[in-house]
Amino acid sequence: MSLFLKGEISLPGDKSISHRAIIFASLSDGMCKVSNLGSGRDNRSTISILRNLGVTIKKQADTWLIKGVGLRGLKEPTNTLNAGNSGTTIRIMTGILSAQPFFSVLTGDKYLVKRPMKRIIEPLSMMGAKIYGRANNEYPPLAILGNNNLKGIDYKLKVASAQVKSSILLAGLYADGITTVTEPYLSRDHTERFMKYLNVPIRQEGFSTTITYTEHLPSFDLDVCGDISSASFFIVAATLLKDSDILIKNVGLNKTRTGILDVLTAMGADISLLNIHNRCGEPVGDIHVKGVTNLRGVTINGDIIPRLIDEIPIITVAAAFAEGTTVIDDAAELRVKESDRIKAMVTELKKLNINIEETESGMIIHGGNIPKFAKVKTYGDHRIAMSLSIFGLCSAKGVELDDKSSISVSFPQFFEKIKELTV
C-alpha cells in the first residue's frame, strides 16, 4: 500500500508576520496581545533582542504579552545583541537601531555573519546613521552609532528585498522628511500592511512605498495566521503522493507570498482556497490539496521570483518528480540566503539521482528520474533540510539527513505535523 497524506492541520504563525508583530508591539504605546506567534528560533531571536532593549515580553498560556515602550523608549543595551540565524531580525533591527540615540552591536550565528549587509548599511548611512561592519561593511557583526535626527531619502533597491525595504521604512518612521523605497519588483509587503493597519502615514504607488515621520504606534491584539512557507512543504508532499487529501487551516494568502500556489497549479497540482477572510490587513484562508498522478515542468522567472523566493527549494523537489523540464531563473538571491540554496539543492539532488543543472541564477531540473537513496547534507539551512525531508517522504528509497537541527529555526513542529497527516 502506497503512502499518502490525509487530514487537517493548523500551522504555527507566519514567521515574517510574527517578526513584525513583535517589533511593532514593542514600539507601541501600550500592552499588546499576540497569539499563535511563530515558534521557531528566528522569532525568539527577535524577542531576545527587544528584551535586551528594555521591552517587557512575557508568555501567558498560548498568548504573548508585549508591553510597548513607544517609538522612542528603547534603552541602550549592555550586551551584544544576537540575531541568531535570522536575516530578518538583523536587517530590520538595524533600521530601528539606526534611529536611536545610543550605541549597539548586532551579530549572529556562523551562518548569519556570512550574509551581506552592505545593502542596508548604504541606505541607512545616507539617512545619517553610522554603521560599521566586518570586511569593509559587508558582513556582521554590525556596530551601530544611532542618530535620532535621521533624514528621509529616496532610495532604489537593486534587488527586490522585503528585509531591506522594511529596514529603510522602519528607519523612516523616525526620519525628518519623506522616505521613499522603490523596488524592481514587489517583494513581501507585510511591513506595509502592518503599518496601514496601525494607521502609520504610508503610501504605495506601483513598486514605490513612501513613509513620513511618526510620533506614536497604537497597541493591538493579533492572532497570527499560519505560515504559507511552512505550508508549502505539505502542499508539495500531498501533491506528489497521489492519494492524498489534506486541508491546511488559516494560512496567510498575501499575494506577495502565494507564488508557489500559482507555480504548482501551472504544473498540474489540485489546489483550492476556501474560507478566505481578512485578518489585520492580511488575507487568510484554508488550503485544500489533493494528490495528482503527474506534474509537468514549467519555467519560473521574472517578477514571480520575489513571491516565492523562500519556496524555491521545495519547488525544486516538485520539479524533480515532474515530467519534462523545469527552468528556474532570475533567482541569484538564493545564493545569499542561509546557504547558497542553488548549489545546495543541485549538489544534494544529484546524489539522489536527479538530473539537475546549476546555472548562475537558478537551476534546470529534468524529469523522468528514478530516485535512489543517499545521505544528504543540509548546510545548516532549515529550508534545505525540510525540502530534502519531503523528497525522502515522496521517494520510495527515502533519504538520510546529516543534521535536522536547523529545522527548529522556523518550524520545530515539522515532523510532528507530518505524522499527523501520514496514513
Side-chain angles (χ1 to χ4, degrees), residues 9-71 73-75 77-90 92-93 96-97 104 106-109 112 166 170 190-191 193-194 197-198 217-231 248-252 279-282 284 382 386 404-417 420:
I9 57 170
S10 296
L11 298 177
D14 183 284
K15 182 161 74 82
S16 295
I17 296 174
S18 293
H19 279 303
R20 288 153 177 84
I22 298 162
I23 289 167
F24 284 119
S26 297
L27 300 176
S28 77
D29 288 335
M31 181 65 74
C32 299
K33 297 179 182 179
V34 183
S35 56
N36 199 39
L37 197 67
S39 57
R41 292 204 310 262
D42 277 7
N43 290 143
R44 293 203 300 271
S45 292
T46 297
I47 289 172
S48 175
I49 284 176
L50 285 158
R51 281 174 169 163
N52 277 294
L53 291 168
V55 181
T56 300
I57 304 176
K58 297 180 179 179
K59 190 175 184 185
Q60 190 175 87
D62 295 328
T63 299
W64 288 86
L65 305 179
I66 304 175
K67 187 177 181 180
V69 297
L71 280 165
L74 297 177
K75 304 298 183 183
T78 56
N79 301 311
T80 298
L81 303 172
N82 195 326
N85 189 248
S86 179
T88 300
T89 303
I90 196 169
I92 294 184
M93 287 306 306
I96 294 168
L97 292 169
S104 56
L106 277 165
T107 190
D109 67 11
L112 189 63
S166 296
L170 266 294
H190 298 303
T191 296
R193 287 174 182 265
F194 221 126
Y197 176 71
L198 298 178
L217 294 178
S219 58
F220 58 88
D221 294 345
L222 174 63
D223 182 15
V224 181
C225 58
D227 194 322
I228 192 167
S229 293
S230 297
I248 311 173
K249 300 281 288 183
N250 291 312
V251 179
R279 186 182 297 178
C280 291
E282 295 277 355
V284 178
H382 55 126
M386 287 186 281
K404 301 176 183 178
S405 62
S406 63
I407 291 173
S408 64
V409 163
S410 63
F411 197 177
Q413 307 92 335
F414 174 69
F415 291 109
E416 174 188 322
K417 293 295 181 181
E420 285 183 35

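Scanning all heavy atoms of the two residues, the minimum distance from S28 to P218 falls at CB-O, 3.5 Å. Here the shortest heavy-atom pairing between R41 and S405 reads NH1-O, 3.3 Å. The two residues S10 and K417 make their nearest non-hydrogen contact at O-NZ, 2.9 Å. Closest of all the heavy-atom pairs between L222 and A21 is CD2-CB, 3.9 Å. Closest approach of I228 to D14, counting heavy atoms only: N-OD2, 4.1 Å. Closest non-hydrogen pair, R20 versus T88, comes out as NH1-CG2, 4.0 Å.
Once rounded to the nearest 0.5 Å, the distance linking CG of D62 with CG of N36 reads 8.5 Å. Here CD1 of I57 is found 10.5 Å from CG of L65. Values are rounded to the nearest 0.5 Å. Rounding to the nearest 0.5 Å gives a distance of 6.0 Å between CE of M386 and OG of S230. Within the model, atoms CG of L27 and CG of L71 stand 5.5 Å from one another, a figure rounded to the nearest 0.5 Å. Annotation: the span from R279 atom CZ to C225 atom SG amounts to 6.5 Å, rounded to 0.5 Å.
Under a 3.5 Å cut-off, the side chain of R193 and the backbone N or O of E282 do not form any donor-acceptor pair. With hydrogens and angles disregarded, no donor-acceptor distance shorter than 3.5 Å links the side chain of N52 to the backbone of P77. With hydrogens and angles disregarded, no donor-acceptor distance shorter than 3.5 Å links the side chain of S219 to the backbone of G30. With hydrogens and angles ignored, the 3.5 Å screen pairs no side-chain donor or acceptor of N250 with any backbone N or O of G226.
Residues meeting the ring-ring contact (aromatic ring centres under 6.0 Å, His included) test with F24, sequence neighbours left out: F194. Residues satisfying the side chain to side chain donor-acceptor pair (under 3.5 Å) criterion with S45, sequence neighbours excluded, are absent altogether.
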Original post:
F411 and D227: side chain to side chain contact (heavy atoms under 4.5 Å, CB included), yes or no, with the steps?
Top reply: CA-CA 10 Å; F411 197 177; D227 194 322; over 6 Å; no
Original post:
Are L53 and I96 close enough, and set up right, to give a side chain to side chain contact (heavy atoms under 4.5 Å, CB included), and what steps lead you there?
Top reply: CA-CA 11 Å; L53 291 168; I96 294 168; over 6 Å; no
Subject >> Full working for side chain to side chain contact (heavy atoms under 4.5 Å, CB included) between S48 and N82 >> reply: CA-CA 8 Å; S48 175; N82 195 326; over 6 Å; no
Subject >> L50 and I66: CA distance, side-chain angles, deciding distance, side chain to side chain contact (heavy atoms under 4.5 Å, CB included) verdict >> reply: CA-CA 10 Å; L50 285 158; I66 304 175; over 6 Å; no
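Residues D223 and S35 bring a donor and an acceptor atom of their side chains to less than 3.5 Å of each other. Side-chain polar atoms of H382 and S410 form a donor-acceptor pair below 3.5 angstrom. Side-chain N/O atoms of T89 and T46 include a donor and acceptor closer than 3.5 Å.
Residues K67 and V55 form no side-chain contact, since every pair of their non-hydrogen atoms from C-beta on lies 4.5 Å or further apart. You'll find the side chain of N43 reaches within 4.5 Å of the side chain of H19, heavy atoms only. With a 4.5 Å cut-off on side-chain heavy atoms, M93 and I23 count as touching. Side-chain contact between K15 and S229 is absent, with no heavy atoms from C-beta onward closer than 4.5 Å. Between W64 and I22 the shortest side-chain heavy-atom distance does not fall below 4.5 Å.
Just one residue in the list I49, L106, T107 forms a side chain to side chain contact (heavy atoms under 4.5 Å, CB included) with I90, and that residue is L106.
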